[in-house]
Amino acid sequence: MSDKIQAIRGMHDILPDQTPRWQGVERAFRQVLAAYGYQEIRLPIVEKTELFKRSIGEVTDIVEKEMYTFDDRNGDSLTLRPEGTAGCLRACLEHGLLHQPSQRLWYMGPMFRHERPQKGRYRQFQQVGVEAYGMAGPDIDAELILLGRRLWKTLGIEHKLELQLNSLGTLEERLVYREKLVGYFRAHVDELDDDSRRRLETNPLRILDSKNPNLAGVMQGAPALDEYLGEESLTHFQELTRTLDDAGVAYTLNPRLVRGLDYYSRTVFEWVTTELGAQGTVCAGGRYDGLIAQLGGKASHAIGFALGVERLIDLLADPESFDGAVCPHAYFIRVGSLAERSGGLLAEQLRDALPELRLIVHCDGGSFKNQFKRADKSGAGLALILGEDEARELTVGVKNLRKAGEQATLKQSELIPYLQSLI
């Protein structure tokens with residue numbers, strides 16, 4: 001006998017006793033996003049590899065090491081999406097959505113990266129992405145942050161998350177800073193780790209994002225980006241922080257919070273926690289005004305964020321409060337061949353008349369005792385009972401499974417209004 005096939009490492013099943021919690025959290029996402037006027041867009045899981053090379057960059061860890069890439073039968077290089085922004089922009093450009101003055105969009109689904117699995121980091125992971133296009137001012141930056149805060153409030157985890165903010169300025173400002181930063185790190189190259197030395201040649205700003213504690217000293221002395229920001233960038237950031245102050249949003253200014261790609265500009269932010277170990281970033285976002293033109297569109301403004309659903313669920317103080325469990329209203333017990341035949345038809349009549357009715361019909365026979373055990377375990381409020389006598393007399397037994405009381409007998413014609421009063 002062959003060995004049992006198991007799930008791929010880092011790709012987990014979400015089992016039936018877990019999915020109600022996911023559904024509850026997803027409902028919270030939908031509720032908050034609808035309150036701010038964001039519309040859902042559904043995107044392919046597979047895209048052309050070139051999309052991610054052009055958007056994420058060929059010298060990033062994601063493209064170099066982490067993407068699931070393969071050639072299809074036509075010889076095209078395809079990739080399982082490692083993130084959602086590039087695909088969302090591709091769809092907007094392809095279908096002309098950016099011809100409108102502004103767009104507010106969101107999506108949800110699996111992303112794929114070949115990383116070393118650990119708690120909070122998986123090879124298939126679920127993300128919610130939120131993107132806004134066509135708006136240049138700091139008010140949309142503030143809106144996305146306020147939207148995030150409202151979501152944390154809805155989930156009851158606001159006290160577990162800290163907002164960190166920075167401004168990357170414009171590309172021109174950042175190029176001046178980059179030159180100063182490279183000069184500083186070259187003078188301290190013996191203190192850098194191998195990863196940082198590699199980034200020094202390809203993506204020096206990402207050195208600032210290193211999680212290596214041994215680099216703390218050299219990082220402390222590195223020049224700060226805000227010293228190189230021009231008046232417009234500083235004004236944009238000041239107006240954002242003023243709006244957040246007025247709204248009572250606490251934040252920490254983090255000059256080491258960066259993005260390594262040239263299309264990012266001005267505002268970047270992260271919601272972080274200390275409760276998930278090394279994977280402390282729950283939500284990350286920022287402006288990427290340069291990406292639309294980089295993907296072949298007319299230059300415009302863009303900002304967005306992505307959040308990891310697994311990490312959010314791990315943060316829930318009381319997961320049961322968001323389990324969203326939906327129990328059946330009734331469990332239909334049938335014993336006897338006539339009861340099984342007529343009971344199946346009766347169940348369909350009930351579903352036709354009561355579309356909101358959640359009704360489980362027992363299948364595969366068994367005694368009354370065993371079927372009652374199944375009914376109780378299902379979580380249903382009622383048991384509908386049909387034996388041979390009831391089937392002949394066109395009646396049905398009704399027993400409340402959650403309260404003490406005698407079993408009642410109803411005419412089958414009375415069952416629809418009776419159940420309707422309980423739904």
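Heavy-atom basis, side chains included; hydrogens, waters and symmetry copies ignored.
A salt bridge links Arg199 with Asp195: the distance from a Lys NZ or Arg NE/NH1/NH2 to an Asp or Glu carboxylate oxygen falls below 4.0 Å. Salt bridge annotation for Arg150-Glu143: absent, with no cationic side-chain nitrogen under 4.0 angstrom from a carboxylate oxygen. Using a 4.0 Å cut-off between a side-chain N of Lys or Arg and a carboxylate O of Asp or Glu, Arg186 and Glu201 qualify as a salt bridge. Note on Asp314 versus Arg311: no salt bridge recorded, every NZ/NE/NH1/NH2 to OD/OE distance being 4.0 Å or above.
In this structure, Arg81 has no side chain to side chain donor-acceptor pair (under 3.5 Å) partners at least two apart in sequence or on a different chain. Under the salt bridge (Lys or Arg N to Asp or Glu O under 4.0 Å) criterion, Glu348 pairs with Arg351, not counting sequence neighbours. Listed by chain and residue number, Thr252 satisfy the side chain to side chain donor-acceptor pair (under 3.5 Å) test with Glu162 (two or more places apart in sequence, or in another chain). Under the side chain to side chain donor-acceptor pair (under 3.5 Å) criterion, Asn166 pairs with no residue, sequence neighbours left out. Under the rule for a side chain to side chain donor-acceptor pair (under 3.5 Å), the partners of Glu94 that lie at least two apart in sequence or sit in another chain are Arg90. Contacts of Arg121 classified as salt bridge (Lys or Arg N to Asp or Glu O under 4.0 Å), with partners at least two apart in sequence or in another chain: Glu115.
Sorted by first and then second residue, the ring pair (Phe, Tyr, Trp, His ring centres under 6.0 Å) pairs involving residues 123-167 (not counting sequence neighbours) are Trp152-Trp271. Residues in residues 220-235 take part in these salt bridge (charged side-chain N to carboxylate O under 4.0 Å, His left out) pairs, two or more places apart or across chains: Glu232-Arg266. For the ring pair (Phe, Tyr, Trp, His ring centres under 6.0 Å) condition, the pairs that include at least one residue of residues 66-107, sequence neighbours left out, are Tyr68-His114. Listed by first and then second residue, the ring pair (Phe, Tyr, Trp, His ring centres under 6.0 Å) pairs that reach into residues 163-218 are Tyr177-Tyr228, Tyr184-His188, sequence neighbours excluded. Pairs passing the ring pair (Phe, Tyr, Trp, His ring centres under 6.0 Å) check and including a residue from residues 190-218, sequence neighbours excluded, do not occur.
A donor-acceptor pair under 3.5 Å is formed between the side chain of Thr49 and the backbone N or O of Ser77. One N or O on the side chain of Asp289 and one on the backbone of Ala302 form a donor-acceptor pair closer than 3.5 Å. Between the side chain of Arg402 and the main chain of Asp376, a donor-acceptor pair closer than 3.5 Å is present. Looking only at distances, no side-chain donor or acceptor of Arg259 sits under 3.5 Å from a matching main-chain atom of Leu168. The closest donor-acceptor contact from the side chain of Asn74 to the backbone of Asp76 lies at 3.5 Å or more, if one exists at all. With hydrogens and angles ignored, the 3.5 Å screen pairs no side-chain donor or acceptor of Arg256 with any backbone N or O of Ile207. Under the 3.5 Å distance criterion, the side-chain polar atoms of Asp13 are left unmatched by any main-chain donor or acceptor of Leu15. The main-chain N or O of Val189 is found under 3.5 Å from a side-chain atom of Arg197 such that the two form a donor-acceptor pair.
In this structure, the separation between CG on Leu386 and CZ on Phe332 is 4.5 Å, given to the nearest 0.5 Å. Rounded to the nearest 0.5 angstrom, Met111 CE and Gln126 CD are separated by 8.5 Å. For the atom pair Leu93 CG and Cys88 SG, the distance stands at 10.0 Å (nearest 0.5 Å). With rounding to the nearest 0.5 angstrom, the OG atom of Ser378 is 15.0 Å from the NZ atom of Lys373. Between atom CG of residue Asp17 and atom OG1 of residue Thr19 there is a gap of 7.5 Å, rounded to the nearest 0.5 Å. Leu144 CG to Arg287 CZ: the interatomic distance, rounded to the nearest 0.5 Å, is 9.0 Å.
Closest approach of Tyr288 to Ile303, counting heavy atoms only: CE2-C, 3.6 Å. What you find for Lys153 and Glu158 is that their closest heavy atoms are CG-OE1, 3.1 Å. A pairwise comparison of heavy atoms in Ala306 and Gln127 identifies CB-OE1, 3.7 Å as the closest pair. Residues Pro138 and Glu239 approach most closely at CG-OE1, 3.3 Å, considering heavy atoms. Closest approach of Ile385 to Lys399, counting heavy atoms only: CD1-CB, 4.1 Å. What you find for Pro82 and Ile56 is that their closest heavy atoms are CG-CD1, 3.8 Å.
The neighbour count for Ile8 CD1, taken as heavy atoms of other residues, nucleotides or ligands under 6.0 Å away, does not exceed 12. Taking a 6.0 Å sphere around CZ of Arg374, one finds it holds 12 or fewer heavy atoms contributed by other residues, nucleotides or ligands. Around CD of Glu179, the count of heavy atoms belonging to other residues, nucleotides or ligands within 6.0 Å does not exceed 12. In the displayed structure, Lys160 atom NZ is contacted under 6.0 Å by more than 12 heavy atoms of other residues, nucleotides or ligands. Within 6.0 Å of atom CD in Glu40, more than 12 heavy atoms from other residues, nucleotides or ligands are found, so the atom counts as buried in its surroundings.
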Set out, in order, the CA-CA distance, both residues' side-chain angles and the distance that settles side chain to side chain donor-acceptor pair (under 3.5 Å) for Glu131 and Thr85, then state yes or no. CA-CA 8 Å; Glu131 318 283 356; Thr85 296; 2.9 Å; yes
Applying side chain to side chain donor-acceptor pair (under 3.5 Å), run through Ser233 and Glu173 and close with a yes or a no. CA-CA 9 Å; Ser233 293; Glu173 292 160 355; 2.9 Å; yes
Report the C-alpha separation of Asp193 and Ser196 in whole Å, then their side-chain angles, then the decisive distance to 0.1 Å, and conclude whether the side chain to side chain donor-acceptor pair (under 3.5 Å) test is met. CA-CA 5 Å; Asp193 58 19; Ser196 296; 2.7 Å; yes
Intermediate values then yes/no, side chain to side chain donor-acceptor pair (under 3.5 Å), Thr170 and Ser265: CA-CA 5 Å; Thr170 65; Ser265 61; over 6 Å; no
Show every donor-acceptor pair shorter than 3.5 Å between a side-chain atom in residues 353-364 and any protein atom, with sequence neighbours excluded, or say none if there are none.
residue	atom	partner	partner atom	Å
Arg358	NE	Cys327	O	2.7
Arg358	NH2	Cys327	O	3.0
His362	ND1	Tyr331	OH	2.7
His362	NE2	Gly365	O	2.7

